[in-house]
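These notes concern the structure reproduced below.
Note on naming: letters A, B, ... go to the chains in the order of the sequence lines (proteins, then strands), and numbering restarts at 1 for each one.
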Protein chains: 2
Amino acid sequence: MTRIPAPERRTALIDAALRVVSHRGIAHATTRAIVAEAGMSLASFHYAFDSRDELIDELITTVVEREQQAVVPDHVAGDSLAEILEAGLVRYFEHLRADPEHEQAMLELTQYALRSPERHPLAAKQYARYAELAERSLAYAADRAGAQWRIPVAQVARVLVAFTDGLTLTWLVDRDDDAALAVARAAADALSRLADEA
Amino acid sequence: MTRIPAPERRTALIDAALRVVSHRGIAHATTRAIVAEAGMSLASFHYAFDSRDELIDELITTVVEREQQAVVPDHVAGDSLAEILEAGLVRYFEHLRADPEHEQAMLELTQYALRSPERHPLAAKQYARYAELAERSLAYAADRAGAQWRIPVAQVARVLVAFTDGLTLTWLVDRDDDAALAVARAAADALSRLADEA
DNA sequence: GTCTATACACCGATAGAC
DNA sequence: GTCTATCGGTGTATAGAC
């Protein structure tokens, strides 16, 4: 019907694909389901993308670039490093509770990427991005608490990413809020001990 | 050809399905791929199982029941609780490195189960089983170190499961052994602080 | 450029010969 | 009970009218 520029169509399809993956899982993210979600015809899909694989790759790249979620907020209450880190993890947990499907989609996209050698680097980039955001938060938190990381902050960031992933996956399974908060507290404590406080 | 009792055929198909999921991912675990792996004809499948869904459910149930991996070994070197826990996590990590595809398969099965309401309880059971094994290990570790958990050991177990999951997922992505060991150390430290040592 | 209609591969599941 | 052959459905991708 209406003529839509190709780049615009691509982003519309990527957004639709993310909604389908979030709501129904990657197994149901077929080209038909995606164009239906986007309100387009099937042929439009292959006008904008060469293949479904190309769209999935673009989807992963896009969500990774879009990722802005920092684990430590800009303004925090609390004085000790452990308190600041715990507040950050609790903040992440609230974000997870607000939109569980999004984090579930990210996990599915990661595992999907891990299954093909060509796509594995996309998963690696995704986690490098997570680590980068974590590193920024950790540097800020230490600064805020007047503390110094004893080991390179990049290594601490890698640990934080692992803890966050574990928190996410276990909560998605059992939806136990109290247990998730216990994980957040323990993780904050462990991380804080990797720094010297002033 | 040869007549095989139905129960035997079922277990053979389940074993084959696990191999397919491990090697190629759940998306490729079609009935055809599974019977090929098992060396059977397609019709044999539907003689042993009513549907593919039934097999997948059985597969998840089976692998969960089969799960014996305890995070803390029977005989440990080391005296402090933190050391015992770290040794256990390192032992788990060695297990992960020895057969990454199996843990990847378990993660995929979990996420697959999370996507359908009827199967969600299977994922919950899987994690309840993990927690049970973790609890046993933690009780043993505290006993071994002459320590006492300050909070119910079930809660500590839930934290350990989350840390283990995070360790697994991040290592599967970046295969960074040093970073994984750092996670193990931090997690052991955090967990040990949830107990009073004698 | 955008649509409908369709090609072709592969899926789960079954019919029917043996 | 076990096989080969096939059904109906859905997947990705494309042809051809407009």
Side-chain angles (χ1 to χ4, degrees), chain A residues 1-60 105 108-109 111-113 115-116 118-119 122, chain B residues 1-21 23-61 108-109 112-113 115-116 118-119 122:
Chain A
M1 224 40 151
T2 359
R3 196 184 170 287
I4 300 174
E8 197 171 316
R9 216 173 252 284
R10 283 172 75 96
T11 59
L13 282 167
I14 287 168
D15 287 348
L18 180 57
R19 285 196 299 274
V20 174
V21 175
S22 295
H23 291 139
R24 307 185 48 206
I26 192 156
H28 294 100
T30 64
T31 54
R32 288 181 205 273
I34 292 166
V35 295
E37 175 71 31
M40 294 182 195
S41 76
L42 188 52
S44 314
F45 183 97
H46 287 286
Y47 178 74
F49 291 97
D50 283 347
S51 68
R52 178 182 175 277
D53 278 2
E54 190 189 321
L55 173 124
I56 297 292
D57 288 354
E58 278 266 328
L59 171 59
I60 296 175
E108 285 190 31
L109 288 172
Q111 291 200 287
Y112 183 80
R115 279 300 178 184
S116 81
E118 319 90 78
R119 263 191 279 266
L122 292 177
Chain B
M1 224 41 151
T2 357
R3 196 185 173 284
I4 299 174
E8 197 171 316
R9 218 173 250 284
R10 283 172 74 97
T11 59
L13 282 167
I14 287 169
D15 287 349
L18 180 58
R19 285 196 297 276
V20 174
V21 175
H23 291 138
R24 306 184 51 205
I26 192 158
H28 293 100
T30 64
T31 54
R32 286 176 158 84
I34 292 166
V35 295
E37 175 71 31
M40 294 182 195
S41 75
L42 187 53
S44 315
F45 183 97
H46 288 286
Y47 178 73
F49 290 97
D50 282 348
S51 68
R52 178 181 175 278
D53 278 1
E54 190 189 320
L55 173 126
I56 298 291
D57 289 354
E58 279 266 328
L59 172 60
I60 296 175
T61 305
E108 284 189 34
L109 288 172
Y112 183 79
R115 279 299 179 184
S116 82
E118 320 89 80
R119 263 191 278 265
L122 292 177

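As a whole-Å value, the separation of B:R9 CZ from D:dC3 C1' is 10 Å. Rounded to whole Å, atom C1' of C:dA7 lies 13 Å from atom NE2 of A:H46. We find that CD1 of B:I56 is positioned 14 Å from P of C:dC11, with the value rounded to whole Å. If you take CG of B:D50 and P of C:dA13, they are 9 Å apart, rounded to a whole angstrom. To the nearest angstrom, C1' of D:dG1 lies 14 Å from CG of B:L13. Spacing between atom CZ of A:F49 and atom P of C:dG1 amounts to 16 Å, rounded to whole angstrom units. Residue B:R10 contributes atom CZ, which lies 15 Å from atom P of D:dG1 at whole-angstrom precision.
Checking D:dG1, C:dA13, D:dA13 against every side-chain atom of A:S51, the shortest atom distance belongs to D:dA13. The nucleotide whose nearest atom lies closest to any side-chain atom of B:R52 is, among C:dG12, D:dA15, C:dT2, C:dG12.
A donor-acceptor pair is defined here as one N or O able to donate and one able to accept, closer than 3.5 Å; no such pair exists between the side chain of A:E8 and the backbone of A:I4. Judged purely by atom type and a 3.5 angstrom limit, B:E37 has no side-chain atom pairing as donor or acceptor with the backbone of B:V20. Side-chain atoms of A:R52 come within 3.5 Å of backbone N or O of A:A29 as a donor-acceptor pair.
For A:A38 against A:A12, the heavy-atom pair with the smallest separation is CB-O, 4.4 Å. Between B:R9 and B:A48, the shortest heavy-atom distance links the atoms CB-CB, 4.3 Å.
Of all the residues in residues 26-42 of chain A, A:S41 reach under 4.0 Å from DNA chain C with at least one non-hydrogen atom.
For the OP1/OP2 pair of C:dG1 and a distance below 4.0 Å, the side-chain nitrogens and oxygens of A:S44 include no atom meeting the criterion.
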### Task
Please step through side chain to side chain contact (heavy atoms under 4.5 Å, CB included) for the pair A:F45 and A:L55, ending with a clear verdict.
CA-CA 9 Å; A:F45 183 97; A:L55 173 124; 3.9 Å; yes
